[in-house]
Enquirer: 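Below you will find the structure I want to go over with you.
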Amino acid sequence: MSIQQDFGGALKGEFLARYLDNLALLERLHRLMLDVIKDEFERLGAADINPVQALLLFNIGDHEVTAGELKTRGYYQGSNVSYNLKKLVELGYMYHKRCAIDRRSARVRLTPEGHEMRARVADLFRRHAEEMQQKGVVEFAMLDTVARTLRRMEHFWSERIRYIY
C-alpha cells in the first residue's frame, strides 16, 4: 500500500467523522430550537401548545394546506402531523374543512388566534436573528454557505430515497 492510498483513507475517515459530527449537530440544534420555543411560550404563559405545534403554525403561515402537503414538503412525519393538526383545531388555532372531492382529506388554515401564536414565534426568530447579527455570532455569508450546503445534502438524501432504495 502506498503513502498516497493511506493518506486518501485517512481523508475518507476524517470526512466521515466530520459528516457524523454535523448530523449529530443538526439533531441537537433542532432539539434546542424546540426548547427555545418551549421556554419562550412558558415565559409568555402560552403553555397550551407544544413547540412542534408552534412550528406547524409558523410554517403554515397564510397558506391553506392538507396534512399530506406538509408531509410531502418534508416538514413532519405522518401520524405526528395529523395528531398535531387535530390538536391545533381543537384548541382553536386552526380552521378545518373537508375537501369536497376527497372527503378523507381536510384542508387547514390558521384562525386569528393561530396567526397570533405564529406571530409570537416569528418575533422570537426575528429577535434571535437581530441579536446574532449584532453580536457577530453568525455573518450573512456564513448563513448563506450553510444554507447552500444543507440544501445540497437535502437534495442528495432526497435522491437516495426516490431512486436508489
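When reading the values below, keep in mind they use all heavy atoms of this one structure, side chains included, and skip hydrogens, waters and symmetry mates. Residues: numbered from 1 along the sequence shown.
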Enquirer: Rounded to the nearest 0.5 Å, how far does CG of L26 lie from CG of L150?
Expert: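 So the CG of L150 and the CG of L26 are separated by 6.0 Å.
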
Enquirer: Would you call R43 and D39 a salt bridge, using N to O less than 4.0 angstrom?
Expert: no

Enquirer: Less than 4.5 Å apart, side chain to side chain, heavy atoms only: is that true for M117 and R120?
Expert: yes

Enquirer: Residues in side chain to side chain contact (heavy atoms under 4.5 Å, CB included) with L32, at least two apart?
Expert: none

Enquirer: Mind checking whether L29 and V36 sit in one hydrophobic cluster, side chains of I, L, V, M, F, W, Y counted as touching below 4.5 Å?
Expert: no

Enquirer: How many angstroms lie between atom CG of L85 and atom CD of Q53, to the nearest 0.5 angstrom?
Expert: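 Rounded to the nearest 0.5 Å, the CG-CD separation comes to 9.0 Å.
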
Enquirer: Please answer: with hydrophobic residues joined when any side-chain heavy atoms are less than 4.5 Å apart, are M33 and V138 in the same cluster?
Expert: no

Enquirer: Would you call K97 and E64 a side-chain contact if the rule is heavy atoms closer than 4.5 Å?
Expert: yes

Enquirer: side-chain contact (heavy atoms from CB on, under 4.5 Å) between E40 and V121: does it pass, once the steps are laid out?
Expert: CA-CA 9 Å; E40 176 76 0; V121 176; over 6 Å; no

Enquirer: Mind checking the CD1-OH spacing from I49 to Y93? Nearest 0.5 Å is all I need.
Expert: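 I49 CD1 to Y93 OH: 5.5 Å, rounded to 0.5 Å.
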
Enquirer: Shortest non-hydrogen contact from F58 to R118?
Expert: O-NE, 3.0 Å

Enquirer: Could you grab the distance from atom CZ of R109 to atom CD1 of I60, nearest 0.5 Å is fine?
Expert: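 Interatomic distance, R109 CZ to I60 CD1, rounded to 0.5 Å: 12.0 Å.
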
Enquirer: For the pair D144 (side chain) and F140 (backbone), establish whether a donor and an acceptor sit closer than 3.5 Å, ignoring hydrogens and angles.
Expert: no

Enquirer: What closest approach, in Å, do T66 and E69 show between heavy atoms, and which atom pair accounts for it?
Expert: N-OE1, 2.8 Å

Enquirer: Do you know the tightest heavy-atom contact between I37 and A54?
Expert: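 Smallest heavy-atom distance, with atoms named: CG2-CB, 3.9 Å.
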
Enquirer: Can you check whether Y19 reaches E14 side chain to side chain, under 4.5 Å on heavy atoms?
Expert: no

Enquirer: Are the side chains of V89 and Y95 in touch, meaning some heavy atoms are under 4.5 Å apart?
Expert: no

Enquirer: Using a strict cut-off of less than 4.0 Å between a Lys/Arg side-chain nitrogen and an Asp/Glu carboxylate oxygen, indicate whether D123 and R126 qualify as a salt bridge.
Expert: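 Yes, D123 and R126 are salt-bridged.
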
Enquirer: Considering all heavy atoms of both residues, which atom of H115 and which atom of G61 are nearest to each other, and what is their separation?
Expert: CE1-O, 3.7 Å

Enquirer: Taking it one step at a time, do E130 and Q133 satisfy side-chain contact (heavy atoms from CB on, under 4.5 Å)?
Expert: CA-CA 5 Å; E130 287 174 358; Q133 188 177 29; 5.6 Å; no

Enquirer: List the atom of G92, the atom of E113, and the distance in Å for their closest heavy-atom pair.
Expert: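 Shortest heavy-atom separation between G92 and E113 comes out as O-OE1, 3.5 Å.
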
Enquirer: What residues, two or more places apart in sequence or in another chain, satisfy side chain to side chain contact (heavy atoms under 4.5 Å, CB included) together with E90?
Expert: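 So E90 forms a side chain to side chain contact (heavy atoms under 4.5 Å, CB included) with K86, K87.
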
Enquirer: Do the side chains of R127 and E131 get close enough for a salt bridge, i.e. N-O under 4.0 angstrom?
Expert: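 Salt bridge flag = no for E131 with R127.
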
Enquirer: How far does CG of L88 sit from CG of L110, to the nearest 0.5 angstrom?
Expert: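 CG of L110 is found 8.0 Å from CG of L88.
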
Enquirer: Rounded to the nearest 0.5 Å, what separation is found between the CZ atom of R152 and the CH2 atom of W157?
Expert: 14.0 Å

Enquirer: Please tell me whether M132 and V146 are part of a single hydrophobic cluster in this structure, the criterion being side-chain heavy atoms less than 4.5 Å apart.
Expert: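 Different clusters.
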
Enquirer: With the 4.5 Å side-chain cut-off for hydrophobic clustering, are L25 and L20 part of the same group?
Expert: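 No, it is not one cluster - the side chains of L25 and L20 are not joined through contacts under 4.5 Å.
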
